[in-house]
Amino acid sequence: MTMSETHSSQAAPTGTVETDVVIIGAGPCGLFAVFELGLLDIKSHVIDILPKVGGQCSELYPEKPIYDIPGLPIVTGQGLTDRLMEQIQPFEPEFHLNQQVNTLTRLDDGRFSLSTDAGQDFITKVVVVAAGGGSFTPKRPPLPGIEDYEGTSVFYSVRKMEDFRGKDILIVGGGDSALDWVLSLQPIANSLTLVHRRDDFRAAPHSVEQMRQLVSEGKVELKIGQITQLNGDNGQMVSANLKKKDGEEVLEANTMLPFFGLTMKLGPIADWGLNLHENLIPVDTEKFESSEKGIFAIGDINSYPGKLKLILSGFHEAALMSQRVHHYVYPDKKLLFQYTTSSSNLQKKLGVR
Amino acid sequence: MAKITFIQPDGTSQDVEAKPGATVMESAKLNNIPGIEAECGGACACATCHVYVDSAWRDKVGKPEAMEEDMLDFAFDVREESRLSCQIKVTDELDGLIVRVPEKQF
Ligand SMILES: Cc1cc2nc3c(=O)[nH]c(=O)nc-3n(C[C@H](O)[C@H](O)[C@H](O)COP(=O)(O)OP(=O)(O)OC[C@H]3O[C@@H](n4cnc5c(N)ncnc54)[C@H](O)[C@@H]3O)c2cc1C
Ligand code: FES
């Protein structure tokens, strides 16, 4: 996550959204669901905790090749995401990024109410959970007792810069997030130390240059090594132990920002009464509906006999799910089976006719 | 086949017969070696297949390439002898290889 992206997470809520379908997760399966639903005249709102779309494809392997997308002999993770965005563009999906769906409850009229941690509320007829392995969340370094410091001395993101004014800050990591925050927080910190395991940085060259300049001016300390222990009491960190090539050192600091990338954690989905089985949502293989009528699950998050966690399986699931959703959204309309090749009706929706 | 020994943090160890051409990570997963998680399935995108190569084998196994070095930034307690096991190809020369599984994979 780059800094500017992190900042935009404070987007102001715009009142409750009322819609037919909310898709939780903007991974490849959530994106393709927009297409299949769109062909059936169903509009989608898509929510993701990441600041960008594409799920695992764009977060974990944007530049790596995928070879098993039907009809695309080779495509990168980002390439597939871009193609999907192009494909669903005619249906004008609305994206709500940088926010996590926290609660999902059924209303008396049978619809669902959802709310995100950014304060956005939704009321929808149908929910499609396309949440993959769960929410992308910052990795927690496995330091003993680190939990006790989280939220008081240890932070994985910066919500308000002002909270860091006058602090003695340790930033740990060598990528863009770490370096961006070194550059932004240095002017307001009392002291700032950057810790990285090697004197080589993955971050953009110009940020590395700026960081090195600050180090040479004595405004930032650069330590090569790894943090092995946090010291303090009652959530107040006072120092951290640093393991270096040639011994140990104690770094005095009251605030630490570790940046070790993102990992997928199931998150709030566990609390939605979906009868999870080994962190997956059991569904039938006809409609991919969960134990709760009106809540569907597609892609990596679902489970059924023979499930394969492949993108192409999720695409198939999206198509079948949509048929059932149509029944809920337009209970009185008969659904005609049509090909995109030959149906003038479908082609009009796609904007090609 | 090449024999690979995985030593756990508690000192216990497991030997596996690995097929040349496979990776050390794949050989570990096929044999259910604890502590090798390999969340990304070998794409050098997760750093949860981290191992320490025994000092006697470091030269033969070689050093990580740039992409693997970058990914090692996401591993915990990285050392000189750290490698991502999905990036080590098993060869006949590696018959007898010894690697240690770290305490934690993050
Ligand atoms: C390195 C690697 C290589 C791979 N190679 C292939 C391949 O070659 N072929 C193949 O078919 N598959 C491959 N896969 C697997 C493939 O990427 C997944 O099957 C696919 O991404 C699943 O898509 P999805 O849409 O179900 O979920 P994901 O891509 O996991 O996306 C789910 C999204 O939901 C969001 N989310 C979850 N919960 C919430 C919440 N409560 N609020 C807001 N947002 C939430 C997450 O942040 C995430 O962005 C690979 C995976 C990896 C890691
Ligand atoms: S298996 Fe993910 S980096 Fe090796």
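The analysis underlying the following values was restricted to heavy atoms, covering all of them including side chains, and did not include hydrogens, waters or symmetry mates. Numbers restart at 1 for each chain; the letters A, B, ... are given by sequence-line order, proteins then strands.
- Residues A:V195 and A:G225 approach most closely at CG1-O, 3.5 Å, considering heavy atoms.
- Taking a 6.0 Å sphere around CZ of B:R79, one finds it holds more than 12 heavy atoms contributed by other residues, nucleotides or ligands.
- How far CD1 of A:I311 is from CG of A:D300: 8.0 Å, rounded to the nearest 0.5 Å.
- Applying a 4.5 Å heavy-atom cutoff, the residues of residues 59-69 of chain B that approach chain A are B:M67, B:E69.
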Point to revise | Pair B:E81-B:R83, salt bridge (Lys or Arg N to Asp or Glu O under 4.0 Å): steps then yes or no | key: CA-CA 7 Å; B:E81 63 271 26; B:R83 289 290 311 263; over 6 Å; no
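- Looking at A:K139, both its backbone and its side chain come within 4.5 Å of chain B, counting heavy atoms on both sides.
- Scanning all heavy atoms of the two residues, the minimum distance from B:C86 to B:G42 falls at CB-CA, 3.6 Å.
- Among the residues in residues 3-30 of chain B, none has a non-hydrogen atom closer than 4.5 angstrom to a non-hydrogen atom of chain A.
- In terms of non-hydrogen atom pairs under 4.5 Å with chain B, the most contact-rich of A:Q226, A:Q56, A:K243, A:K245 is A:Q226.
- A salt bridge is defined here as a Lys NZ or Arg NE, NH1 or NH2 lying under 4.0 Å from an Asp or Glu carboxylate O, and B:D73 with A:R198 meets this definition.
- Neither the backbone nor the side chain of A:T228 comes within less than 4.5 Å of any heavy atom of chain B.
- Side-chain N/O atoms of A:E150 and A:Y156 include a donor and acceptor closer than 3.5 Å.
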Review point. Should A:F260 and B:F74 be marked as a ring pair (Phe, Tyr, Trp, His ring centres under 6.0 Å) after you check the CA-CA gap, both sets of side-chain angles, and the distance that decides it?
Key: CA-CA 5 Å; A:F260 286 93; B:F74 297 108; 7.5 Å; no
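- There is no contact between B:Q105 and chain A, counting heavy-atom distances below 4.5 Å.
- Within residues 140-147 of chain A, the residues that have a heavy atom under 4.5 Å from a heavy atom of chain B are A:R140, A:P141, A:P142, A:L143, listed by number.
- Within the structure, side-chain hydrogen bond (donor to acceptor under 3.5 Å, both in side chains) contacts touching residues 87-101 of chain B (residues at least two apart or in different chains) are B:D54-B:R100.
- Closest of all the heavy-atom pairs between A:S207 and A:D180 is OG-OD1, 4.1 Å.
- Residues B:Y52 and B:E80 have side chains that never bring a donor and an acceptor to within less than 3.5 angstrom of each other.
- A salt bridge does not link B:D77 to B:K104: none of the charged nitrogens lies less than 4.0 Å from a carboxylate oxygen.
- The closest donor-acceptor contact from the side chain of B:S85 to the backbone of B:V51 lies at 3.5 Å or more, if one exists at all.
- Here the straight-line distance linking atom CD1 of A:I281 with atom CD1 of A:I269 works out to 5.5 Å at 0.5 Å rounding.
- In this structure, the side chain of A:K64 engages the main chain of B:A43 through a donor-acceptor pair within 3.5 Å.
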